[in-house]
Colleague: 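Here it is, the structure in full.
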Amino acid sequence: PGEYWYASGFPPSVWHNGTSIALLPFAVLLFHYSARFLDSPRVMELLPIALLVTLNLLIKPSLFLCFAPVFPLYVLLRHGPGRAFLLSCLPVLLGCAIMGAQYLVIYHSAEYDRIAEAGGASLALGWFHPWKLWAGNIPLVIFNAVLVPLLFIAGYPRVLRSETRVGYALALLIMAVLIYAFVYETGDRELHGNFGWQT
């Protein structure tokens, strides 16, 4: 009672948002190809990863916010500071260039501000803001959202160590939650919770 379960949590499917629906297949494909690179870091995997990073960013940049720090770090931990790590940084650098251009347009263009009626939106750091406005008990909301995966990992703990995709997905989810916990927009979009999409 009193909780906004949908707005405060992170459901597996977001059916009311057109950009999330459009993003879903490309996000899954980015996860798939980047996980293949984690298993076997080959140069030929970089082209689909770079293409999917670009498509993800042009549709909705939410997944890239998690992908950018997690993917190279995961490669570094699995393969060391060699060629594989340097290769993993290439699609991230491409994505950062695209995202930098988007940032300039979205947060520093008066024309975009006027067209989007963004009301002087900017970025800020805070502790669970605006998340705490939607949820009275954030740890319970997180626990509720990850209960089934946690039960699976508790029942099959070796899967976390032996399956690249499980650990990689968990790392992406942790990064998504951290972003939603610390980053938010100001201005008219302050209470929209737009940094919650990646969860």
Side-chain angles (χ1 to χ4, degrees), residues 10 12 19-20 22-108 123-127 142 145-146 149-150 152-154 156-185 194-199:
F10 30 102
T19 51
S20 292
L23 175 65
L24 186 59
F26 301 107
V28 170
L29 286 170
L30 177 58
F31 177 84
H32 170 72
Y33 281 101
S34 60
R36 277 178 39 173
F37 186 89
L38 291 172
D39 287 333
S40 179
R42 295 177 303 206
V43 175
M44 59 191 252
E45 300 289 350
L46 292 178
L47 182 60
I49 292 172
L51 176 63
L52 290 162
V53 160
T54 303
L55 289 171
N56 270 254
L57 281 164
L58 293 177
I59 297 168
K60 193 179 199 79
S62 303
L63 177 62
F64 182 75
L65 296 172
C66 306
F67 174 84
V70 169
F71 178 60
L73 181 61
Y74 219 91
V75 172
L76 181 64
L77 293 173
R78 285 185 59 103
H79 301 285
R83 183 172 184 265
F85 172 69
L86 294 175
L87 289 173
S88 73
C89 293
L90 294 176
V92 172
L93 291 173
L94 169 68
C96 287
I98 295 168
M99 193 165 200
Q102 287 178 329
Y103 173 82
L104 290 175
V105 169
I106 293 170
Y107 295 108
H108 294 286
L123 297 180
L125 298 176
W127 184 244
I142 294 171
V146 297
L150 284 178
F152 175 80
I153 290 169
Y156 303 96
R158 289 185 199 154
V159 170
L160 189 58
R161 291 188 302 275
S162 63
E163 285 293 325
T164 302
R165 284 158 179 76
V166 175
Y168 182 40
L170 181 60
L172 289 168
L173 177 62
I174 290 168
M175 181 56 65
V177 172
L178 288 173
I179 291 168
Y180 191 30
F182 288 106
V183 183
Y184 68 97
E185 289 180 294
N194 284 330
F195 281 91
W197 288 113
Q198 71 278 358
T199 58

Colleague: Hey, would you say the F37 and Y33 ring centroids sit under 6.0 Å apart?
Modeller: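 Aromatic pair excluded; centres sit 6.0 Å or further apart.
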Colleague: Would a 4.5 Å heavy-atom cut-off, applied to side chains only, mark P48 and L29 as touching?
Modeller: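 No; the side chains remain at least 4.5 Å from each other.
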Colleague: Please report the closest heavy-atom contact between L173 and T199, naming both atoms and the distance.
Modeller: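 Residues L173 and T199, closest heavy atoms: CD1-O, 4.1 Å.
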Colleague: Might you point out which heavy atoms bring P69 and M175 nearest each other, and give the distance in Å?
Modeller: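 Residues P69 and M175, closest heavy atoms: CG-CE, 3.8 Å.
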Colleague: To the closest 0.5 Å, what do you measure between CG (L93) and OG (S88)?
Modeller: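 With rounding to 0.5 Å, CG (L93) is 9.5 Å from OG (S88).
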Colleague: Do L170 and V166 come close enough that some side-chain heavy atom pair is under 4.5 Å?
Modeller: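 A side-chain contact is absent here, since even the closest heavy-atom pair is not under 4.5 Å.
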Colleague: Enter the distance from L65:CG to L178:CG here, rounded to the nearest 0.5 Å.
Modeller: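 Result: 12.5 Å between the selected atoms.
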Colleague: Okay, side chain of Q102, backbone of L57: is any donor-acceptor separation there less than 3.5 Å?
Modeller: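 Yes: the side chain of Q102 pairs with the backbone of L57.
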Colleague: Tell me, do H79 and F85 make a side-chain contact under 4.5 Å, heavy atoms counted?
Modeller: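 A side-chain contact under 4.5 Å is absent here.
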Colleague: For F64 versus V92, what's the shortest heavy-atom pair and its separation?
Modeller: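 Taking every non-hydrogen atom into account, CZ-O, 3.5 Å.
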Colleague: Can you tell me how far CG of L51 sits from CG of L46, rounded to the nearest 0.5 angstrom?
Modeller: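 Interatomic distance, L46 CG to L51 CG, rounded to 0.5 Å: 12.5 Å.
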Colleague: When rounded to the nearest 0.5 angstrom, what distance separates CG in L47 from CG in L52?
Modeller: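 It is 9.5 Å, given to the nearest 0.5 Å.
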Colleague: Contact between R165 and H32 at the side-chain level, heavy atoms closer than 4.5 Å - yes or no?
Modeller: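 R165 vs H32: side chains touch.
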Colleague: Can you see which heavy atom on M99 is nearest to which on P61, and at what distance?
Modeller: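 Distance-wise, the nearest heavy atoms are CE-CB, 3.9 Å.
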Colleague: In terms of the angle between their ring planes, are F71 and F67 parallel, tilted or perpendicular, with boundaries placed at 30° and 60°?
Modeller: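 Parallel: the ring planes of F71 and F67 meet at under 30°.
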Colleague: Do Y74 and S34 have a side chain donor and acceptor closer than 3.5 Å?
Modeller: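 Side chains of Y74 and S34: no pair found under 3.5 Å.
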Colleague: Looking at every heavy atom in both N56 and A27, which two are closest together, and how far apart are they?
Modeller: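 Closest approach of N56 to A27, heavy atoms only: OD1-CA, 3.5 Å.
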Colleague: Using every non-hydrogen atom in the two residues, find where K60 and T19 come nearest and quote the distance to one decimal.
Modeller: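 Taking every non-hydrogen atom into account, NZ-OG1, 2.8 Å.
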Colleague: If we only count heavy atoms from C-beta on, is the D39 to E45 side-chain gap below 4.5 Å?
Modeller: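 With C-beta onward as the side chain, the pair stays apart.
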Colleague: Atom CG in L23, atom CG in L58: separation rounded to 0.5 Å?
Modeller: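 It comes to 11.0 Å.
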Colleague: To the nearest 0.5 Å, how far apart are CG in L63 and CG in L172?
Modeller: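 The CG atom of L63 sits 6.5 Å away from the CG atom of L172.
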